[in-house]
Amino acid sequence: MDFPQIGRAVPRKEGRSKVTGQALYLDDVRADGMLYGATVRSPVSRGRIRSIEFDPSIEWGKFTVVTAKDIPGRNVVALIVDDQPYLAADAVNHAEEPVVLLAHPDPAKLEDARRKVTIVVDPLPAVSSIDDALSGREVVWGTDNLFKSYTVARGDVEATFAGAPIVVEGEYETGSQEQLYIEPNGMLAIADLQNGVTVWGSMQCPYYVHRALAGLFNLPAEKIRVVQMETGGGFGGKEEYPSIIAGHAALLAWKSGRPVKIVYSRAEDMVATTKRHPSRTKHRTAVTRDGRLLAMDVDFVIDGGAYCTLSPVVLSRGTIHAAGPYRCDHVRIRGRAVATNVPPHGAFRGFGAPQSIFALERHMDRVAAAVGLGPDEFRRRNFVHAGDTLAVGQVIREPVSMNTLLDRALALAGYHDKRRRFVEENGTRAIKKGIGFSTFMHGAGFTGSGEDHLASVVAVEATREGVVRVLAASTEIGQGTNTIFSQIAAEALGIDPDDVEVVQPDTSEVPNSGPTVASRTCMVVGRLVESAAAGVHHALVDAGVLPSVHSRAEFRAACRRYVDSYGTLRATSRYQPPPGVRWDDQTYQGDAYGTYAWAAYVAEVSVDTTTYEIRVDDFVAVQEVGKVINPTLAMGQIEGGVAQGVGWALYEDVVWREGRMANAQMTNYIMPTSMDLPEIRVHFEEVPYPYGPAGAKGIGELPMDGPAPAIFNAVEHATGISATRLPLTPERLMELMCASPAV
C-alpha cells in the first residue's frame with residue numbers, strides 16, 4: 001500500500017449499518033415460538049423469605065415459573081467469589097434481588113402477572129453505608145463485612161510524620177453513578193439438555209457469560225454458546241451483569257422448552273443492575289515547607305453492595321492509583337471493599353481509579369495551599385520522572401514528562417491569566433468564574449499478573465478471496481474495536497482496512513481474547529491482532545507467493561495461491577508479558593501495569609451564587625497515550641469520558657432510600673445533555689509504547705479520571721468553598737456556601 005493505516009481517521013467499520021438501521025440489536029430479534037421473560041424481585045433490603053404467593057386471579061398454568069429449586073446446576077454467579085445466587089432461595093440481601101422468573105408469550109399479560117407475585121419476607125436490620133459496614137453492628141458478608149483489603153507500603157510512614165514540619169489532612173467522598181448506556185440489558189436464550197444452552201445478547205465479555213452458564217447448568221464448555229449482538233454501550237455495566245440476565249433467560253428457556261427473551265426497561269435496568277462504587281478516602285500528607293512530599297497515608301474504602309462481584313478488582317486499581325504520578329519515599333495506602341445491603345456495585349469506566357484520583361487531586365490542591373504554593377508549582381516539584389519509583393515500587397522505565405503535559409494544558413486554557421483575572425473580576429458578581437486542573441495517570445491492561453492469568457488468544461485468517469478475518473472475543477460496544485482492529489491488521493498485512501472483517505464475537509468460533517475492559521482492547525488485544533496478522537504475512541512471504549511490498553490485487557492473488565497449495569491460511573497469537581515486568585500479588589509490589597497513560601486536564605467554570613448552578617465553560621484535555629491509532633475515534637473516547645466525568649461531578653446523584661434507588665428514571669436521574677457541556681478541546685502527545693500495536697497504549701478509561709477533581713478545583717477557585725463530596729449539585733453547593741462565613 002502507498003500509505004500507512006495507523007494514525008488515519010478511517011471511517012467506523014459498523015457505521016453504515018448503524019446509521020441505516022441495518023444493525024440488529026437484541027430487541028430487534030424474534031425467534032419462532034418465543035416467550036418473554038420477567039423477574040420478580042425482593043421488596044426489602046434484607047430479610048428471610050417466608051413464602052412466595054401467587055395471586056389466584058392469574059392462570060398460572062399458562063406461565064413458565066422458575067424459582068431457585070428449578071436450577072439444574074449451581075445457584076451461584078461464577079465470577080471472583082461464589083456468593084451471589086441467580087435466584088434467592090432462603091434470604092435476600094438487597095432490594096430488587098431476583099427471586100422468581102416468569103415467562104409468557106404476551107408481554108402485557110406477563111407484566112400483569114409479575115405484579116401479582118408477592119415475596120413475603122421477614123425483614124432483618126440492613127447495613128446502609130460504609131460507616132455502618134465498618135462498625136460491625138450488622139454483618140452482611142463473612143464475619144466483618146469485608147470483601148477485600150489491600151495494603152501498599154513503602155518506607156517508614158509513621159517516623160516521617162513524627163518529624164514532618166507540615167501535615168495536611170482531608171476526607172473525600174464520591175457517590176454511585178449509573179452507566180446509563182443507550183441500550184438496556186437484554187438476552188435471548190434457547191436451552192435443552194440435548195443441545196445445551198445458547199444465548200444472544202448485549203454484553204462486553206462473552207467468555208464471562210460462558211463460564212457462568214456452564215456452572216449454572218452443570219454442562220461442559222462445548223454445550224454452551226454465547227453470541228454478542230450489537231451492543232449499545234457498556235461502560236463496564238455490561239461486564240459482569242449480563243451473566244445474570246443470560247442465566248435468567250436460559251433458565252426460563254430450559255424449563256419451557258421454548259426460546260425466551262428478557263429485555264429490561266430503563267427503570268428496571270437502573271434499579272437492578274450494578275453501578276459505580278461509592279467511596280470514602282482519607283488523606284494524611286507530610287510535606288516540607290518548600291513543598292516536597294515526605295509521606296502519604298491514604299485510607300481508601302469502597303462500598304461493594306450486597307455481593308462481591310468485581311469489588312476486589314475495582315478496589316485494586318483504586319488503591320494502586322491513590323498516590324498518583326508523584327514521587328514520595330514513604331507511602332501507606334490501605335484499601336478496603338465493604339458489604340452493604342444495596343444492589344451490588346460493579347464495573348464502571350475507570351474501575352476504582354476515578355474515586356481515588358478525585359480524592360488525591362482535591363487533596364493536592366489543599367496541600368499546595370498549606371505550603372503557600374500554586375497548585376501547578378506544587379505538582380511540578382513532586383512529579384515522577386523516568387527512573388523514579390511509584391508507590392507500589394514500580395520503576396518508571398518509559399519517557400514521562402508530566403511537566404510537558406501540564407505546560408501544554410495550562411497554555412491552551414490560558415490558565416495563569418485567567419486565574420489572576422477571575423480573582424480580580426469576581427468581586428461581588430453573582431456569577432463567579434474559576435479555573436482548576438488535575439494531573440493523573442491510568443494503568444493500561446489488567447493489574448499485576450492479571451494479563452498472565454488471562455493468557456489471551458487472537459487468530460487472524462485469510463480466505464482464498466483475500467478477505468482477512470480477525471477472530472477475537474473483544475467486543476464492539478461503540479468505542480471502535482472493529483475499526484482499530486481492522487487498521488492494525490491492515491497495517492501488518494499491507495492491505496486496506498476495507499479488506500478486513502472483524503468476526504462477530506461467538507464463543508463457538510472466536511478464541512478467548514479476554515474481556516473488553518481495563519483499557520486493554522487496543523493495547524493488549526490489538527498487539528495480538530498485529531502479531532497474528534504479521535504471522536499471516538510471513539506465511540505468504542515465506543511461501544514465495546507474496547512480495548514484501550505489494551498491492552491489494554497481489555495480496556488477493558497470493559491468498560488464492562497459498563490456499564490452493566497449502567490449505568488454511570491462519571495464524572494465532574497468545575499474550576506474552578513485556579520483558580522485565582514483575583508483580584507480587586502477596587506484597588502488592590512491583591510492576592502494576594506494563595505502561596501508563598498520562599494526562600493533565602483543565603476546567604473553567606461559572607458558579608451562579610443565586611441559583612447555585614455550576615456550569616463548565618471550557619475544558620482542555622491533554623494526554624499521552626502512545627501512538628494514536630485512529631484520531632477521530634480517540635478524540636471521541638476522550639470527549640465521551642470527559643462528558644461522563646462532568647456528569648459524575650455535577651449532576652448524577654443516585655438517591656438511595658431504604659436500599660433502593662429512588663430516582664430510577666431519566667426524569668429525575670439527571671445527566672448532562674449536549675447543551676450542558678462545554679467545548680472539550682482534546683490534544684495528544686505521542687510517545688510510542690514498544691509493546692503496544694504500532695506503539696499504542698490504552699485510552700478508554702483515562703478520561704473518566706480527571707474531570708471531577710479539575711472541576712471541583714475550579715469551583716474552589718471561584719468561590720473559596722472547598723467541596724469534598726461529589727456530585728456537587730446546586731443543593732449541596734447552597735448548603736456549603738450558606739454555612740461558610742466567608743461567602
Side-chain angles (χ1 to χ4, degrees), residues 173-184 232-237 266-267 269-270 275-276 278 348-350 354-355 357-358 361-362 413 431-438 477-479 599 601-608 610-621 635-655 661-682 700-716 718-719 723 725-734:
E173 295 181 49
T174 67
S176 296
Q177 186 183 18
E178 165 63 31
Q179 289 90 351
L180 218 64
Y181 25 69
I182 197 169
E183 176 207 22
F235 310 116
R266 178 63 67 184
D269 201 297
M270 292 178 76
K275 293 169 179 54
R276 185 181 300 285
F348 197 140
R349 187 179 198 170
Q355 291 95 313
I357 289 172
F358 168 75
E361 287 302 290
R362 286 295 290 127
I431 297 179
K432 300 182 183 297
K433 296 279 290 179
I435 192 166
F437 70 88
S438 61
I477 55 176
Q479 82 283 40
Y601 285 5
V602 185
E604 181 183 327
V605 304
S606 295
V607 181
D608 190 323
T610 302
T611 64
Y612 301 98
E613 294 172 288
I614 301 167
R615 182 173 184 84
V616 183
D617 300 319
D618 185 39
F619 201 96
V620 173
M635 289 181 67
Q637 284 286 286
I638 302 301
E639 290 169 353
V642 170
Q644 280 186 308
V646 172
W648 189 47
L650 300 178
Y651 298 93
E652 299 182 47
D653 190 14
V654 175
V655 178
M661 184 179 181
N663 57 328
Q665 304 175 65
M666 292 183 70
T667 53
N668 54 11
Y669 179 82
I670 307 302
M671 64 172 289
T673 69
S674 58
M675 298 298 290
D676 301 307
L677 296 169
E679 178 185 1
I680 301 167
R681 297 189 277 153
V682 179
E701 293 180 301
L702 175 80
M704 188 72 225
D705 295 338
I711 291 166
F712 271 58
N713 289 340
V715 170
E716 182 168 3
T719 64
R725 178 187 175 194
L726 67 71
L728 188 54
T729 60
E731 295 87 346
R732 288 191 183 134
L733 180 61
M734 181 177 69

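- Nearest heavy-atom pair, P709 versus F358, reported as atom, atom and distance to 0.1 Å: N-CD1, 3.9 Å.
- Residues passing the side-chain contact (heavy atoms from CB on, under 4.5 Å) test with M270 are E178, L180, R266, M661, A664, Y669, sequence neighbours excluded.
- Side chain of R349 to backbone of Q644: no donor-acceptor contact under 3.5 angstrom is found.
- Evaluation of the ring-ring contact (aromatic ring centres under 6.0 Å, His included) rule for Y601 yields F440, F619 as partners, not counting sequence neighbours.
- The closest side-chain heavy-atom distance from L650 to T729 is not below 4.5 Å.
- A distance-only check finds no donor-acceptor pair linking the side chain of E173 to the backbone of R725 [under 3.5 Å].
- In this structure I431 satisfies the side-chain contact (heavy atoms from CB on, under 4.5 Å) test together with S606, D608, sequence neighbours excluded.
- The two residues G641 and P707 make their nearest non-hydrogen contact at O-CG, 4.4 Å.
- Taking F437 as the reference, Y415 meet the ring-ring contact (aromatic ring centres under 6.0 Å, His included) condition, with sequence neighbours excluded.
- Between Y181 and D269, some side-chain heavy-atom pair lies under the 4.5 Å cut-off.
- Among residues two or more places apart in sequence or in another chain, the salt bridge (charged side-chain N to carboxylate O under 4.0 Å, His left out) test is passed with E652 by none.
- Taking CZ of F712 as the reference point, atom CD1 of I614 lies at 7.0 Å (rounded to 0.5 Å).
- The CE atom of M704 sits 5.5 Å away from atom CZ of F348, with the distance rounded to the nearest 0.5 Å.
- For the salt bridge (charged side-chain N to carboxylate O under 4.0 Å, His left out) test, no residue two or more places apart in sequence or in another chain qualifies with K432.
- Inter-residue side-chain proximity for D653 and I670 is flagged as unmet; no heavy-atom pair is nearer than 4.5 Å.
- Shortest non-hydrogen contact noted between G236 and Q179 is C-NE2, 4.3 Å.
- Taking CD of E731 as the reference point, atom CG of L728 lies at 10.0 Å (rounded to 0.5 Å).
- Side-chain contact between P354 and Q177 is absent, with no heavy atoms from C-beta onward closer than 4.5 Å.
- R615 places no side-chain N or O within 3.5 Å of a backbone atom of V607 that could act as its donor or acceptor partner.
- Residues satisfying the side-chain contact (heavy atoms from CB on, under 4.5 Å) test with Q479, not counting sequence neighbours, are E476, I477, T481, T516, Q637.
- The two atoms that bring D617 and V605 nearest to each other are OD2-C, 3.4 Å, heavy atoms only.
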For a quick test of your reading: what N or O donor-acceptor pairs under 3.5 Å do the side chains of residues 672-681 make, sequence neighbours left out?
| residue | atom | partner | partner atom | Å |
| --- | --- | --- | --- | --- |
| T673 | OG1 | M675 | N | 3.3 |
| T673 | OG1 | D676 | OD2 | 3.0 |
| D676 | OD2 | T673 | N | 2.9 |
| R681 | NE | D618 | OD1 | 3.2 |
| R681 | NH1 | L412 | O | 3.1 |
| R681 | NH2 | L412 | O | 3.1 |
| R681 | NH2 | D618 | OD2 | 2.6 |

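- Here the closest heavy-atom approach between residue P703 and residue G700 is recorded as CD-O, 3.6 Å.
- Applying the side chain to side chain donor-acceptor pair (under 3.5 Å) test to E613 and every residue at least two apart in sequence or in another chain returns T611.
- Side-chain N or O atoms of T174 include none that pairs as donor or acceptor with a backbone N or O of Q355 at under 3.5 Å.
- Residues forming a salt bridge (charged side-chain N to carboxylate O under 4.0 Å, His left out) with R362 (at least two apart in sequence, or on another chain): E716.
- Closest non-hydrogen pair, W648 versus G175, comes out as NE1-O, 3.5 Å.
- Qualifying salt bridge (charged side-chain N to carboxylate O under 4.0 Å, His left out) partners for E639, counting only residues two or more places apart in sequence or in other chains: none.
- With sequence neighbours left out, the side-chain contact (heavy atoms from CB on, under 4.5 Å) criterion links A662 to V655, R657.
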